[in-house]
Visitor: 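Sharing a structure below in structure tokens format, with a few things to ask.
Quick note: residue numbers are just sequence positions, from 1. The figures that follow rest on heavy atoms only: side chains count, while hydrogens, waters and symmetry mates do not. In this text the structure is predicted, and so the values were computed from the model without any measurement.
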Amino acid sequence: MLDKAPNKKLGDLLEKFGGALTAGDVDAAVGFFEDECFWRDLVAFTWNIKTVEGRDAVRDMLESQLSRTGPSGWKLSETDDATEIDGVLEGWFTFETNVARCRGHIRARNGRIWTILTAMDELKGYEEPAGVRRPNGHPEVAPDKPSGISWTEKREEEARELGYSRQPYVVIIGGGQGALALGARLRQLDVPTIIVEKNPRAGDSWRVRYKSLCLHDPVWYDHMPYIPFPANWPVYSPKDKIGDWLEMYAKVMELNFWGSTLCKSAKYDEKTKEWTVVVEREGKEIVLRPKQLVFATGQASRAIIPNFPGRDKFKGIQQHSSQHPGPDAYVDKKTVVIGSNTSAHDICGALAELGADVTMVQRSPTLVVKIETLHDIATGIGYSERALAAGVDAEKADYMGASMPYKLMGESQKPLYEKMRERDAEFYRQLTDAGFVIDWGDDETGLFMKYMRRGAGYYIDIGGSQLIIDGKIKHKYGQVDHLTENSVVLDDGAELPADLVVYATGFGSMNGWVADIIDQETADKVGRVWGLGSGTKNDPGPWEGEPRNMWKPTRQEALWFHGGNLHQSRHNSLFLALQLKARLEGIPTPVYGLQEVYHKS
């Protein structure tokens with residue numbers, strides 16, 4: 001029998017704290033917080049994705065939002081007992097606002113709140129048609145068709161009309177997992193949406209990548225909304241298999257997916273509060289006029305190719321990693337891969353395994369962790385068969401992760417990476433002896449914080465590191481000075497003969513697409529996308545506490561960004577969909593803490 005004492009303690013705290021909020025007593029509510037405290041809100045209070053830090057910031061948020069929010073009905077979770085470990089009391093709760101049903105999580109120390117998460121679940125009166133509300137499915141009777149309109153006829157009618165005789169409320173630019181997850185959420189909320197994708201089919205953004213690519217996150221982490229992967233799905237999904245899944249998903253979830261469609265331009269009319277989006281589909285220009293525009297173009301879509309001196313003189317083949325098809329055509333070529341993160345290792349590994357002459361040029365330290373070790377020590381805590389056996393499914397794990405403020409997350413990650421270093425100490429010794437330069441993040445906080453700060457700088461090892469240790473992948477550390485007609489020359493004078501140069505040099509900020517499709521002025525107005533403001537490499541300060549511009553209102557009205565890995569696309573698509581649905585229905589959405597702009601790109 002679980003100890004019920006924590007339930008009583010947390011229940012008492014929640015009753016008093018919730019009572020103060022329901023009564024609109026800001027002073028009393030703030031009094032329940034520690035001096036060092038964090039309130040992370042996912043739309044419920046702020047109509048934003050926002051973390052406020054410290055009692056003064058909590059007070060400011062409540063003075064702005066409390067009377068507009070009208071929270072009530074605070075209750076401890078009926079399915080999860082509270083716990084108390086090492087003086088930290090924590091547990092889950094539910095509550096309501098004037099317009100929504102919500103959930104949350106509290107951590108308390110010495111009777112005061114240390115961290116709190118509040119998250120919107122659904123809008124009252126606009127619940128998804130699931131469970132007891134699921135649709136009937138029979139043909140719908142109409143005055144001009146007493147036999148009913150079939151599902152197929154309705155879908156055909158929608159395909160004929162949406163974007164032509166009637167306009168979508170939302171247009172999503174990009175057709176990867178982020179767009180599909182958001183599109184599925186919006187479909188369930190009855191928000192007319194068109195997804196615009198330059199590739200012919202859903203899933204093609206995966207199919208066109210190099211043939212050895214597999215997801216490096218495990219299957220339990222990668223489920224899409226509504227339809228989880230089957231129990232026999234591989235732990236690490238091959239890219240073509242995930243492409244087929246996404247194509248199926250778009251069809252089954254009844255998404256309006258416009259493949260082979262190029263978005264040429266977009267312009268916002270401040271008077272009509274409407275976008276003019278020009279796309280080219282089937283050789284014809286079509287003008288769409290949505291009220292909301294979402295960029296879901298992906299973090300790995302805008303290739304960065306450094307303009308090294310001599311690039312124009314090189315007589316061999318030059319490719320960005322996103323253009324590299326795989327090793328088969330290059331086995332007899334001398335290949336130089338510039339970069340040392342995931343794509344670089346995968347491309348080098350595939351070539352080396354076929355006996356090709358391939359050299360990796362590492363230009364900066366790279367975090368490396370073995371895939372099994374990462375899963376055993378870190379991701380498997382919330383996303384694995386053992387997690388499922390302990391009652392933790394993907395949704396619960398998502399909220400467990402969301403309950404930890406980013407300011408505290410780094411320190412919580414350090415012990416995990418210390419364990420990884422200890423477990424694989426011999427591996428790291430051998431890799432270092434081979435000349436590979438390893439780091440653990442600027443502040444030793446590991447892979448996930450690197451990802452959230454800069455989206456790069458790491459490799460989850462699936463065998464590439466052993467090929468470096470064994471000398472099958474040649475390795476050089478240094479900077480590229482220039483290219484000649486047939487080589488890459490480093491800053492130490494080393495000359496690497498090359499028939500093929502692959503630039504595994506990463507991708508730029510998503511707001512680069514805004515500059516291309518809308519204009520540079522709007523891109524500058526919105527500012528940099530992604531990063532936390534940590535002041536670490538490629539993530540300049542000041543501290544912001546949440547990913548810049550992601551899943552929340554931006555400085556450009558009616559312009560949004562959605563993306564991230566499959567986990568982030570799944571989890572955050574709900575909060576973006578709720579914000580869009582509320583605007584469609586005219587529900588007031590007073591935004592607190594609109595994104596500041598400190599960096600233009």
Visitor: Under a 3.5 Å threshold, yes or no: a donor from one side chain and an acceptor from the other, between Asn572 and His562?
Guide: no
Visitor: Parallel, tilted or perpendicular for His571 and His567, by the 30°/60° rule?
Guide: parallel
Visitor: Judged by atom type as modelled, is there a donor-acceptor pair below 3.5 Å linking the side chain of Arg107 to the main-chain atoms of Ser403?
Guide: yes
Visitor: Under a 3.5 Å cutoff, is there a donor and acceptor pairing between the side chains of Trp440 and Glu418?
Guide: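 No - no donor-acceptor pair under 3.5 Å links their side chains.
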Visitor: Would you say Gln568's side chain and Asn565's backbone share a donor-acceptor pair under 3.5 angstrom?
Guide: yes
Visitor: Under 3.5 Å, is there a donor on one side chain and an acceptor on the other for Gln177 and Trp206?
Guide: yes
Visitor: Does a donor on one side chain and an acceptor on the other come within less than 3.5 Å for Asn549 and Thr554?
Guide: no
Visitor: Taking the six-membered ring for Trp, are Phe229 and Trp245 parallel (under 30°), tilted (30 to 60°) or perpendicular (over 60°)?
Guide: tilted
Visitor: How are the rings of Phe295 and Phe561 set to each other: parallel, tilted or perpendicular (split at 30° and 60°)?
Guide: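 Answer is tilted, since the angle falls between 30° and 60°.
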Visitor: Output yes when a side-chain donor or acceptor of Asp461 lies under 3.5 Å from a complementary backbone atom of Gly464, and no otherwise.
Guide: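 Checked: pair present.
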Visitor: For Asp398 and Tyr383, does a side-chain donor sit closer than 3.5 Å to a side-chain acceptor?
Guide: yes
Visitor: Between Trp220 and His375, is a ring pair (Phe, Tyr, Trp, His ring centres under 6.0 Å) present by the stated rule, with each step listed?
Guide: CA-CA 11 Å; Trp220 308 275; His375 185 61; 5.3 Å; yes
Visitor: Honestly, is Lys370 close enough over Phe427, meaning NZ or CZ under 6.0 Å from the six-membered ring centre and within 45° of the axis?
Guide: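 The answer is yes, since Lys370 meets both limits relative to Phe427.
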Visitor: Looking at Tyr226, does the NZ or CZ of Arg570 lie under 6.0 angstrom from its six-membered ring centre and within 45 degrees of the ring axis?
Guide: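 That pair does not qualify as a cation-pi contact.
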Visitor: Could you check whether the rings of His324 and Tyr210 sit parallel, tilted or perpendicular, using 30° and 60° as the cut-offs?
Guide: tilted
Visitor: With a 4.5 Å limit on heavy-atom distance, are the side chains of Tyr417 and Glu444 in contact?
Guide: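 Tyr417 does not reach Glu444 side chain to side chain.
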Visitor: Is there side-chain contact between Ser465 and Phe436, with heavy atoms separated by less than 4.5 Å?
Guide: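 No; the side chains remain at least 4.5 Å from each other.
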